[in-house]
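Encoded as structure tokens, the structure appears first; notes follow it.
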2 protein chains.
Amino acid sequence: MSTTPSTLGCAILGLLARRPSTGYELARRLDRPVGWFWTARHSQIYPELARLAEAGLVRYVESDGRGPLRNKRYRISAAGTRVLRAWVVAPHEPQPVRDLETLRLWSLWTVAPAEAITVVERARASHAGVLAAYEAELADVLGDPDCRDPGHPLFASRLTLEGGVRTREAAVAWCDWMLAELDERAESPVRGKAGGPRVG
Amino acid sequence: MSTTPSTLGCAILGLLARRPSTGYELARRLDRPVGWFWTARHSQIYPELARLAEAGLVRYVESDGRGPLRNKRYRISAAGTRVLRAWVVAPHEPQPVRDLETLRLWSLWTVAPAEAITVVERARASHAGVLAAYEAELADVLGDPDCRDPGHPLFASRLTLEGGVRTREAAVAWCDWMLAELDERAESPVRGKAGGPRVG
DNA sequence: TCTTCCATGTAACGCGTTACATGATTTT
DNA sequence: AAAATCATGTAACGCGTTACATGGAAGA
């Protein structure tokens, strides 16, 4: 009957399963902490909420708004919860990776070593910044004993944040490794295929 | 004068900087190994090649094709190389992450522990598969001494593949950690405030 | 003979971003 | 007085996917 909603629809259902919100609040929640994994603008959220409501997956109560339009506070319905659960457990094709940073590094051989080092240093700083944010968020979550309960939202928050910390730690270590490689080559550059000091 | 091309345009320039190709070949190369970080269909590639040619960033020679249309073999121009280098070293905004798998895990608290374990096991298998492919590819690259030369394409291939290996290793370890957490909780479940992993 | 590969394009559609539009309340 | 925040929508545009369209050569 009801077709499975879009990924954004499922993201919104996941947000509303944790607590009811207005469209505006959803837009803000799709920054931090969910926004670490998925983002959307309000211009995308309002139409999607209308679709979800029409499909019976969410309900809303209206109230007088401060602006010219009425406020709508949405909550997930029983049918919405069923759809969300089905989406979580359904097998999914592994999505193709779109990693702009790695794509740039893939052409790093075209630039001078000094510039290459700058590029990698910037990447490292970016990863380190996100890592710090993840760690702070995770520390918050760990302070609440509910994060040990597999049926509590904070349990899932803990899982995803732990993943974020681990992958960003790996990324920072990778950048450090690249910088070591670049330093080494910059000090004793390899000249062409035919000669030069070859290492390792 | 010439506006910076789209990300896809820069991806294509990066491919052509390594070696000349036809549009068809580019479509295949955007599977493996570049396709690990960026993908595109031929329906997107052909128009983009036309735009790059018009901007003078690539050139092509035509020849008789086997089908009804003429073959075009593209190579990067001097201007294209300059644009590519500038794109590699330019500072870029960190792109928002769109991670469908983590988004799903973020709602993992809504499903029964047994189902949650299945979800994580599937994720682990997926990461492990990609990891194996990266490792095989990296072993290939390491067999060529050119991969130590910072000015050689294989050097950049080595950097990116090393990053892929490291992040996927971290992802597999993360999944194992999650499975341990889920097993632990499944054996001695925490009873929430309302009792059990029940979702309203 | 049928399928796959080589090879190049166009068209329709969906998702996502930026910009447009409105207007009250709170903070600086 | 000006800016930011709260709050909800629409419109235009770009990127990406799927499907449409064509047709020769090679292999099963």
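Order of the sequence lines fixes the chain letters, A, B, ..., with proteins taken first and strands second; residue numbering starts at 1 for each chain. None of these values were measured; they are calculated from a predicted model.
Of the side-chain N and O atoms in A/Tyr24, one or more sit less than 4.0 angstrom from OP1 or OP2 of D/dC6. Remark: A/Lys72 is not in phosphate contact with D/dA7, judged by side-chain N or O atoms under 4.0 Å from OP1 or OP2. An OP1 or OP2 oxygen of D/dG16 is reached within less than 4.0 angstrom by a side-chain nitrogen or oxygen of A/Arg98. OP1 or OP2 of C/dG9 has not a single side-chain nitrogen or oxygen of B/Arg70 nearer than 4.0 Å.
Within the structure, the salt bridge (charged side-chain N to carboxylate O under 4.0 Å, His left out) test picks out the following pairs touching residues 39-61 of chain A (sequence neighbours left out): A/Glu48-A/Arg51. Residues in residues 116-130 of chain A take part in these salt bridge (charged side-chain N to carboxylate O under 4.0 Å, His left out) pairs, two or more places apart or across chains: A/Arg124-A/Asp176. The salt bridge (charged side-chain N to carboxylate O under 4.0 Å, His left out) analysis of residues 159-172 of chain B, with sequence neighbours excluded, yields the pairs B/Glu162-B/Arg166. Residue pairs meeting the side-chain hydrogen bond (donor to acceptor under 3.5 Å, both in side chains) criterion with at least one partner in residues 7-22 of chain A, sequence neighbours excluded, are A/Arg18-A/Ser157, A/Ser21-A/Arg29. Pairs of residues two or more places apart, or lying in two chains, never qualify as salt bridge (charged side-chain N to carboxylate O under 4.0 Å, His left out) while including a residue from residues 92-118 of chain B.
Look at CG on B/Asn71: it is 5 Å from P on C/dT8, rounded to the nearest Å. Protein atom CG of B/Asp64 is 13 Å distant from nucleotide atom P of C/dT8, rounded to whole Å. As a whole-Å value, the separation of A/Leu26 CG from D/dC6 P is 14 Å. The CD-P distance, from B/Gln95 to D/dG16, rounds to 12 Å in whole Å. Here C/dG9 presents its C1' atom at 13 Å from CD of B/Glu62, a figure rounded to the nearest Å. Rounded to a whole Å, the CG atom of B/Leu49 is 15 Å from the C1' atom of C/dT10. The nearest whole Å value for the distance from the CD atom in B/Glu93 to the P atom in C/dT17 is 14 Å. Here C/dA7 presents its C1' atom at 12 Å from OH of B/Tyr74, a figure rounded to the nearest Å.
By the 4.5 Å heavy-atom criterion applied to side chains, B/Leu26 and B/Leu16 are counted as neighbours.
Of the residues in residues 9-23 of chain B, B/Thr22, B/Gly23 come within less than 4.0 Å of DNA chain C through at least one heavy atom, sorted by number.
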Contact list (N/O, under 3.5 angstrom) for nucleotides 18-22 of chain D vs protein:
from: D/dT18; atom 1: O4; to: B/Ser43; atom 2: OG; distance (Å): 2.7

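Looking at heavy-atom distances under 4.0 Å, A/Arg73 makes no contact with the nucleic acid at all.
The 5' end of DNA chain C is approached more closely, in terms of each residue's nearest nucleotide, by B/Pro47 than by the other of B/Pro47 and A/Leu8.
Residues meeting the side chain to side chain contact (heavy atoms under 4.5 Å, CB included) test with B/Asp144, sequence neighbours left out: B/Asp146, B/Leu154. With sequence neighbours left out, the side chain to side chain contact (heavy atoms under 4.5 Å, CB included) criterion links A/Ala125 to no other residue. For A/Tyr46, the side chain to side chain contact (heavy atoms under 4.5 Å, CB included) criterion is met by A/Tyr24, A/His42, not counting sequence neighbours.
Taking the centre of each ring, A/Tyr134 and A/Trp36 come in below the 6.0 Å mark.
If you check D/dA7, C/dC6, C/dT8 against the side chain of B/Tyr46, the one that comes closest is C/dT8.
From one end of the helix from C/dT1-D/dA28 to C/dT28-D/dA1 to the other, with five pairs defining each end axis, the axis direction shifts by 30° (rounded to 10°).
Alongside B/Leu69, the hydrophobic cluster contains no other residue (criterion: ILVMFWY side chains under 4.5 Å).
Counting non-hydrogen atoms of neighbouring residues, nucleotides and ligands closer than 6.0 angstrom, the CZ atom of B/Arg73 exceeds 12 such neighbours.
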